[in-house]
Amino acid sequence: MNSVIQQSHFYNLPNYTYLILIISCTEKRGLLGVLRKEVAPNVLFENLPSTSKDVCDHRGSNLDIEVPSTSKQLSMSDISLEDRPTSRSESRLSTTSSSSSLLEAENYLLKKQVEELQNQLKSLKVGFDFSAIENNDALINVYTGLPDKALFMAVFKYLDSQNFHYNLGWSVVNISRINQFLMTCMKLKLNPIHKDLALRFGCSVATVSNIVITWLHVMHVCLYKKFLENQIPTRHKNKTCMPSSFSPFTNCKMVIDCTEIYTEVPSQLDKQKYTYSSYKHRNTLKGLVGVAPNGTITFLSNLYVGNTSDKNIDLLPPGVLLNIPPFLMKAQFSPEEARQTVTIARARIHVERAIRRIKEYKILQLIPQNLRPYSSMIFQVCGFLTTLNYPLIKEVEDRYFCE
């Protein structure tokens, strides 16, 4: 086989194209084809072995090469390797040049591989799931509002055992149940936008909406309605774990107070009017919170529009006495009125602390417009999750789980 490359084919070519001639006589099988494809795909090869096998088969034959002249004194005729004078220095120089060129070729291929791996790394999705926080109770509290992993898993296992259908009519199978519960808790606790949750969990915005609304219904039915709704403790039970601030009110069953929650401005004018609060000077929703003397939340009303009066929300059964601090109707309180105000305020402060805990769920700082139809569910679920935290009053902590 006459393996000759015409001199004219090497004109105006980069220096690295000469590497093919050297590598073709080495033991690097398959590297020639890569170089032909990656280094100099447009170079015209005549009668050059097309595979590494052909290269090895011709290893013993003489290879005639023609190279461009670098001096005016050299002719442009073909030069055969057989006719070239050989010497030790020339052979040593040829070996060094071959090694250097081979290293340069390998370096080029490694750079290409690094670039490909970097591109693949950029294309990988950065996922977020429960395994990222399960061994850190502080992070679990930050993302979910629940105090530790044990309680998180207890609530999840109970909810996971329930049979339910997804809100949008199609099931979510690409995200595990525990991560769906985590996503819903994150929405309640941190209120990130749905696009943020979709990016974190590697799903679509529609999937996030389907998960959040579905699990919100599940939590409302299985947690709030079963364990908190219409579960006001008796006077006897309250007396077993009553703090000293309630000693003047031994028959107290509940301390109540109203709170307002901001909501996005509705698009309809009539809804803007009804939700506008003259007290907050913003569009709000209003709800009633009741706590037992030991600080445990025992009642959560539905949410009403912001211009609703507190009296219309106080749903007291007949025969129940309501202790209200005296109003200032003259220049100053009398000594008796002042003592009564201080006494009621000492007991009333606990419901305000409970409301502050509920509002640590950031979704209650501003309810999004798309979740306004579920605002009462959100309020009541957040209130229930608050009861799973540590006792509000340290004085009764040792009696918190009394029967």
Side-chain angles (χ1 to χ4, degrees), residues 128-130 140-146 151-198 200-201 203-231 259 261-264 266 285-289 297 299-304 357-389:
F128 180 85
D129 57 16
F130 183 65
I140 290 177
N141 182 256
V142 167
Y143 283 99
T144 68
L146 298 175
L151 194 53
F152 178 91
M153 293 303 300
V155 175
F156 166 70
K157 289 180 180 179
Y158 170 71
L159 296 177
D160 189 44
S161 64
Q162 310 299 316
N163 295 322
F164 57 87
H165 300 284
Y166 285 85
N167 181 71
L168 297 183
W170 45 272
S171 300
V172 178
V173 296
N174 60 335
I175 300 178
S176 63
R177 283 281 188 93
I178 192 170
N179 285 327
Q180 293 180 34
F181 178 57
L182 173 62
M183 181 190 296
T184 306
C185 291
M186 288 175 60
K187 180 63 181 178
L188 297 176
K189 185 64 169 66
L190 304 176
N191 195 22
I193 61 175
H194 284 190
K195 287 184 178 180
D196 183 13
L197 290 173
R200 289 172 185 260
F201 290 90
C203 62
S204 66
V205 175
T207 302
V208 172
S209 299
N210 193 17
I211 291 173
V212 170
I213 296 175
T214 298
W215 280 84
L216 182 62
H217 280 83
V218 173
M219 295 168 72
H220 185 258
V221 172
C222 299
L223 298 179
Y224 170 76
K225 284 187 172 293
K226 186 172 183 179
F227 297 105
L228 190 57
E229 188 177 43
N230 301 323
Q231 298 292 328
T259 184
I261 298 168
Y262 296 139
T263 181
E264 292 183 354
L285 300 172
K286 186 178 293 187
L288 182 68
V289 179
I297 297 173
F299 178 80
L300 293 161
S301 72
N302 292 325
L303 292 182
Y304 300 85
R357 268 196 178 186
I358 296 174
K359 289 188 175 181
E360 287 180 358
Y361 286 86
K362 294 185 178 180
I363 196 170
L364 296 177
Q365 295 181 3
L366 181 66
I367 295 182
Q369 187 170 352
N370 63 318
L371 293 179
R372 192 181 296 119
Y374 313 100
S375 56
S376 292
M377 284 187 185
I378 293 172
F379 177 63
Q380 291 166 347
V381 168
C382 291
F384 176 84
L385 295 177
T386 302
T387 65
L388 301 179
N389 274 281

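One-based numbering along the sequence shown. Values below: all heavy atoms of this structure, side chains included; hydrogens, waters and symmetry mates excluded.
For Lys362, the NZ atom sits in a loose shell: 12 or fewer heavy atoms of surrounding residues, nucleotides or ligands are nearer than 6.0 Å.
In this structure, OH in Tyr143 is found 6.0 Å from CE in Met186, a value given to the nearest 0.5 Å. In this structure, CD in Gln365 is found 13.5 Å from OG1 in Thr263, a value given to the nearest 0.5 Å. Summarising the geometry, atom CD1 belonging to Ile363 is positioned 6.5 Å from atom SG belonging to Cys382; distances are rounded to the nearest 0.5 Å. Distance CD1/Ile358 to CZ/Phe379: 5.0 Å, rounded to 0.5 Å. Within the model, atoms CD1 of Ile378 and OH of Tyr361 stand 13.0 Å from one another, a figure rounded to the nearest 0.5 Å. One distance of note links CD1 of Ile178 with CZ of Phe156; it measures 5.0 Å at 0.5 Å rounding.
When atom types are taken as modelled, the side chain of Gln369 and the backbone of Glu264 share no donor-acceptor pair closer than 3.5 angstrom. A donor-acceptor contact shorter than 3.5 Å is absent between the side chain of Asp196 and the backbone of Asn191. At least one donor-acceptor pair under 3.5 Å links the side chain of Thr184 to the backbone N or O of Gln180. A donor-acceptor pair under 3.5 Å is formed between the side chain of Asn210 and the backbone N or O of Leu168. Remark: the backbone N or O of Asn167 is paired with a side-chain donor or acceptor of Thr214 at under 3.5 angstrom. A donor-acceptor pair under 3.5 Å links the side-chain atoms of Ser301 to the main chain of Leu288, judged by distance alone.
Taking 4.5 Å as the limit, some side-chain heavy atom of Val289 sits within range of a side-chain heavy atom of Leu300. Between Phe201 and Asn174, the closest side-chain pair of non-hydrogen atoms is not below 4.5 Å. Using a 4.5 Å heavy-atom cutoff, the side chains of Asn230 and Lys225 are not in contact. Considering only heavy atoms from C-beta on, Ile213 comes within 4.5 Å of His217 through its side chain. In this structure the side chain of Val221 never reaches within 4.5 angstrom of the side chain of Gln162, judged on heavy atoms.
Between Phe384 and His220, the ring centre distance reaches or exceeds 6.0 Å. Ring centroids of Phe130 and Phe152 are separated by less than 6.0 Å, placing the two rings close together.
Smallest separation of non-hydrogen atoms from Pro266 and Arg372: N-NH2, 3.9 Å.
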(Q) Let's go through His194 and Lys187 carefully: what are the C-alpha distance in whole Å and the side-chain angles of both, what is the deciding distance for side-chain contact (heavy atoms from CB on, under 4.5 Å) to 0.1 Å, and is it a yes or a no? (A) CA-CA 8 Å; His194 284 190; Lys187 180 63 181 178; 3.6 Å; yes
Q.
Walk me through whether Asn141 and Asn389 qualify under side-chain contact (heavy atoms from CB on, under 4.5 Å).
A. CA-CA 10 Å; Asn141 182 256; Asn389 274 281; 4.0 Å; yes
Q: Tell me, with the steps shown, if Leu364 and Thr259 meet side-chain contact (heavy atoms from CB on, under 4.5 Å).
A: CA-CA 11 Å; Leu364 296 177; Thr259 184; over 6 Å; no
Q. Step by step, would you call Leu159 with Leu223 a side-chain contact (heavy atoms from CB on, under 4.5 Å)?
A. CA-CA 9 Å; Leu159 296 177; Leu223 298 179; 4.0 Å; yes
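Under the 30°/60° scheme for interplanar angles, the aromatic rings of Trp215 and Phe181 are found to be tilted.
Checked options Lys189, Glu360, Met219; the residue passing with Leu385 is Met219 (criterion: side-chain contact (heavy atoms from CB on, under 4.5 Å)).
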